[in-house]
Amino acid sequence: MLKWILYIVLVIFFANCKGEQTIALDAKDVFKSKGVEIPVYDFESFKPLLTINDEKTRVINFWATWCKPCVAELPYFELINSRYPDDEVEVILVSLDLPKHVESKLIPFVKKQKIESKVVLLDDPDANNWIPKVSKNWSGSIPATIIYKGGTINFYERSFTYNELEKELKKML
């Protein structure tokens, strides 16, 4: 009887995995304030987010609070985040703000805009080294977005409207 219970538990456990890959990232620091939590990564600790190979489509947007076109398109990423199931699409907003501005600018911005997507801070001053590792086609300007699923990666160095963003996302679903 115990064998059957154990067998059933294992079958249920593995059936619920659905190929999702869990990646543990080592944050250099975590800023917590006003109910907002923002982990800080250097590029080496951030890099695994660019290559998760499971059934989920990831939309990774590089932005900053001081970038007007970035801020203008953030609501579209939030709509994508709210309209697609978590097990189908994950939106990750990668802030390139300076760490000294996280508590004074980034966290208040995230709170005020009610951003629900995952927000992380990429703090790696050697941009000349890590930018081409994100995409050989990236000049370094923002906004920039990667949409990927498995081994298929599309990189965009531009702003999006909601319809444009959703059209590109649907190519991956």
Side-chain angles (χ1 to χ4, degrees), residues 25 27-43 46-47 49-52 56-149 152-173:
L25 301 177
K28 293 186 338 180
D29 197 2
V30 177
F31 287 95
K32 296 178 185 179
S33 178
K34 301 177 183 177
V36 176
E37 189 172 303
I38 299 181
V40 181
Y41 301 101
D42 61 14
F43 184 74
F46 169 79
K47 190 167 58 171
L49 274 178
L50 299 172
T51 57
I52 299 171
K56 196 179 289 190
T57 300
R58 285 182 176 73
V59 179
I60 301 177
N61 178 253
F62 294 87
W63 69 289
T65 58
W66 46 263
C67 168
K68 190 173 181 176
C70 300
V71 170
E73 72 177 1
L74 281 178
Y76 311 136
F77 289 91
E78 281 298 284
L79 274 172
I80 293 292
N81 186 57
S82 68
R83 290 185 176 172
Y84 287 87
D86 291 342
D87 63 342
E88 191 175 330
V89 175
E90 180 178 22
V91 174
I92 303 168
L93 303 175
V94 182
S95 172
L96 299 178
D97 286 279
L98 295 172
K100 68 181 183 180
H101 294 144
V102 171
E103 292 177 333
S104 64
K105 295 182 181 175
L106 182 57
I107 288 176
F109 178 87
V110 168
K111 185 79 171 165
K112 182 178 179 185
Q113 299 301 320
K114 298 178 181 158
I115 293 176
E116 296 293 326
S117 299
K118 181 178 190 170
V119 177
V120 302
L121 180 74
L122 180 55
D123 176 29
D124 194 323
D126 193 5
N128 289 332
N129 182 36
W130 63 260
I131 285 173
K133 291 178 182 176
V134 172
S135 174
K136 290 179 253 176
N137 300 321
W138 191 10
S139 73
S141 69
I142 54 175
T145 302
I146 294 170
I147 301 175
Y148 81 91
K149 181 176 184 178
T152 305
I153 302 167
N154 292 324
F155 174 78
Y156 310 88
E157 188 173 22
R158 55 169 283 217
S159 296
F160 283 102
T161 65
Y162 177 77
N163 289 336
E164 293 167 338
L165 181 59
E166 188 171 47
K167 179 181 176 185
E168 294 304 316
L169 173 64
K170 285 184 176 183
K171 290 178 184 178
M172 295 296 229
L173 296 176

Tell me, yes or no, whether the heavy-atom count around Lys28 atom NZ, taken from other residues, nucleotides or ligands under 6.0 Å, exceeds 12.
yes
Can you spot which of Val59, Val89, Asn154 makes a side-chain contact (heavy atoms from CB on, under 4.5 Å) with Met172?
Asn154
Summary of salt bridge (charged side-chain N to carboxylate O under 4.0 Å, His left out) pairs that have at least one residue in residues 88-113, sequence neighbours excluded:
Arg58-Glu90
So Val36 and Ile115, side-chain contact (heavy atoms from CB on, under 4.5 Å) or not? Walk me through it.
CA-CA 10 Å; Val36 176; Ile115 293 176; over 6 Å; no
Verdict with reasoning, Ile147 to Leu165, per side-chain contact (heavy atoms from CB on, under 4.5 Å):
CA-CA 10 Å; Ile147 301 175; Leu165 181 59; 4.2 Å; yes
Taking atom CD1 of Ile146 and atom CD1 of Ile153, what is their separation to the nearest 0.5 Å?
7.0 Å
Near Lys167 NZ, under 6.0 Å, is it more than 12 heavy atoms from other residues, nucleotides or ligands?
no
Where does the angle between the aromatic ring planes of Phe155 and Trp138 fall among parallel (under 30°), tilted (30 to 60°) and perpendicular (over 60°)?
tilted
Between Ser82 and Glu116, does the side chain to side chain donor-acceptor pair (under 3.5 Å) criterion hold? Intermediate values first, please.
CA-CA 8 Å; Ser82 68; Glu116 296 293 326; over 6 Å; no
Between Trp63 and Leu74 (side chain of the first, backbone of the second, donor and acceptor by atom type, cut-off under 3.5 Å), is there such a pair?
no
Just verifying a value: how many Å separate Thr145 OG1 and Ile92 CD1, rounded to the nearest 0.5 Å?
12.0 Å
Heavy-atom donor-acceptor pair, Tyr148 side chain to Ile52 backbone, under 3.5 Å:
yes
Measure across Pro99 and Phe31 and return the closest heavy-atom pair with its distance rounded to 0.1 Å.
O-CZ, 3.9 Å
How close do Ile142 and Trp66 get, heavy atom to heavy atom, and via which atoms?
CD1-CH2, 3.8 Å
Please report the shortest heavy-atom distance between Thr57 and Leu169, naming the atom on each side.
CG2-CD1, 3.6 Å
Hey, are Arg158 and Glu164 close enough for a salt bridge, meaning a charged N less than 4.0 Å from a carboxylate O?
yes
Given side-chain contact (heavy atoms from CB on, under 4.5 Å), test Val91 with Asn61 step by step and report yes or no.
CA-CA 8 Å; Val91 174; Asn61 178 253; 6.0 Å; no
Residues Ser159 and Glu73: closest non-hydrogen pair is CA-OE1, 3.2 Å
Between Phe46 and Phe43, what is the ring plane arrangement, given parallel below 30°, perpendicular above 60°, and tilted in between?
tilted
